[in-house]
Amino acid sequence: MADLFLVRHGETEWSRSGRHTGWTDVPLTEHGRDEARRLVPLIRSHRIASAFVSPLQRARETAELIGLHDGRVDADLREWDYGGYEGITTVEIQHERPGWFLFTDGVAPGPPDHPGESPEQVGERADRVLARVDSAAAAHEGDVLLVAHGHFLRVLTARRLGLPATDGALFQLATGALCRLGTEHGRPVIAEWNVRPGS
């Protein structure tokens, strides 16, 4: 099994302030652009055969800044649909719902075009991405890179390890970070996590 590299996009104004950023298409900050650029030497040190990118601009810009110009845009890589919690911080949500936790409690319903997702629904998207990753790795005989979003990549990691989507809660992931999921004795493992050069 090839290695799977995960890149969380660089900082945005909303990620810096802790606002849940699902479908809102916010750009990177200048610091977020710097975070992406610092990953270039790490990416170049590996043989990436295939790459997939979220359609949202913060991920696409990160992909371009790390030198990835031919990644396939994959709608399943978009961030969790936070529904009625889009743009709201955890502190604000917990003011109304004490003890609320995204990975176990989900989100409030949102507008018809963004109704929100349960952890299991995000996990189903992650499973579809992982199936495409495995097909690409087999076809191109090389490692695969994903550029996407924090909560989604945490769920995807849980699913790769055979855990329920809710266990994505166990994997903190910073902006502009690189992770590598590999194998040991044929079983998926975390080989590197939250690598942020120069931070």
Side-chain angles (χ1 to χ4, degrees), residues 1-16 21-80 122 125-161 168 171-183 188-199:
M1 188 181 296
D3 283 350
L4 174 57
F5 290 86
L6 313 177
V7 172
R8 182 182 174 192
H9 63 77
E11 178 196 79
T12 68
E13 291 289 352
W14 280 26
S15 67
R16 181 168 53 197
T21 319
W23 47 270
T24 303
D25 214 3
V26 296
L28 298 178
T29 61
E30 195 52 46
H31 176 70
R33 292 182 187 98
D34 288 341
E35 287 180 319
R37 290 183 193 107
R38 284 197 291 267
L39 291 174
V40 170
L42 291 178
I43 302 295
R44 285 190 181 152
S45 68
H46 298 281
R47 190 176 83 73
I48 305 297
S50 304
F52 300 84
V53 182
S54 161
L56 296 171
Q57 70 170 318
R58 57 194 183 271
R60 287 186 290 109
E61 185 177 5
T62 298
E64 289 184 15
L65 290 168
I66 64 174
L68 179 64
H69 304 292
D70 57 355
R72 185 171 125 197
V73 174
D74 188 330
D76 276 335
L77 282 171
R78 69 189 185 280
E79 181 59 295
W80 198 313
V122 179
R125 283 199 286 118
D127 288 346
R128 292 195 299 266
V129 170
L130 289 169
R132 288 191 284 278
V133 162
D134 291 340
S135 293
H140 301 291
E141 297 183 353
D143 297 333
V144 179
L145 174 68
L146 305 179
V147 182
H149 311 274
H151 283 140
F152 178 79
L153 290 174
R154 292 168 67 177
V155 170
L156 180 135
T157 297
R159 297 302 301 137
R160 177 58 122 194
L161 299 176
F171 310 109
Q172 183 185 52
L173 183 54
T175 57
L178 175 70
C179 306
R180 180 167 60 94
L181 304 180
T183 56
V189 295
I190 296 174
E192 295 178 276
W193 192 260
N194 236 5
V195 178
R196 300 175 73 203
S199 61

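Residues: numbered from 1 along the sequence shown. Bear in mind the structure is a predicted one, so any value in this text is a computation, not a measurement.
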(request) Begin with the C-alpha distance, continue with both residues' side-chain angles, and end with the deciding distance and a verdict on side chain to side chain contact (heavy atoms under 4.5 Å, CB included) for R160 and L130. (result) CA-CA 7 Å; R160 177 58 122 194; L130 289 169; 4.0 Å; yes

(message) Just verifying a value: how many Å separate T175 OG1 and H9 NE2, rounded to the nearest 0.5 Å?
(response) 7.5 Å

(message) For the CG atom of L39 and the CG atom of D34, what is their distance to the nearest 0.5 Å?
(response) 11.0 Å

(request) Scan I43, V53, L153, L146 and name whichever one has a side-chain contact (heavy atoms from CB on, under 4.5 Å) with V7. (result) I43

(request) Taking atom CD of E141 as the centre, report whether more than 12 heavy atoms of other residues, nucleotides or ligands fall under 6.0 Å from it. (result) no

(message) For a quick test of reading the model, state the closest non-hydrogen atom pair linking R154 to G168 and the distance between them.
(response) NE-O, 3.1 Å

(request) Taking all non-hydrogen atoms of both residues into account, name the closest pair between S54 and H149 and its distance. (result) OG-NE2, 2.7 Å

(request) Taking all heavy atoms of L28 and all of G10, pick out the closest pair and write down the distance. (result) CD2-O, 3.2 Å

(message) For L181, run the side-chain contact (heavy atoms from CB on, under 4.5 Å) check against L6, D3, V133 and tell me which one passes.
(response) L6

(message) Under the salt bridge (charged side-chain N to carboxylate O under 4.0 Å, His left out) definition, can you give me all pairs with a residue in residues 50-72, not counting sequence neighbours?
(response) R33-E61

(request) Working to the nearest 0.5 Å, report the span between CZ of R180 and CG of L145. (result) 13.0 Å

(message) Could you check whether R37 pairs with E30 (Lys NZ or Arg NE/NH1/NH2 to Asp/Glu carboxylate O, under 4.0 Å)?
(response) yes

(message) Do I48 and F5 have side chains that approach each other closer than 4.5 Å (heavy atoms only, starting at C-beta)?
(response) yes

(message) Using the rule salt bridge (charged side-chain N to carboxylate O under 4.0 Å, His left out), only one of R125, R128, R132 pairs with D74; which is it?
(response) R132

(request) Not counting sequence neighbours, list each pair that qualifies as a side-chain hydrogen bond (donor to acceptor under 3.5 Å, both in side chains) and has a residue in residues 41-51. (result) none

(request) Specify whether W193 and F171 have parallel, tilted or perpendicular ring planes, treating 30° as the upper limit for parallel and 60° as the lower limit for perpendicular. (result) tilted

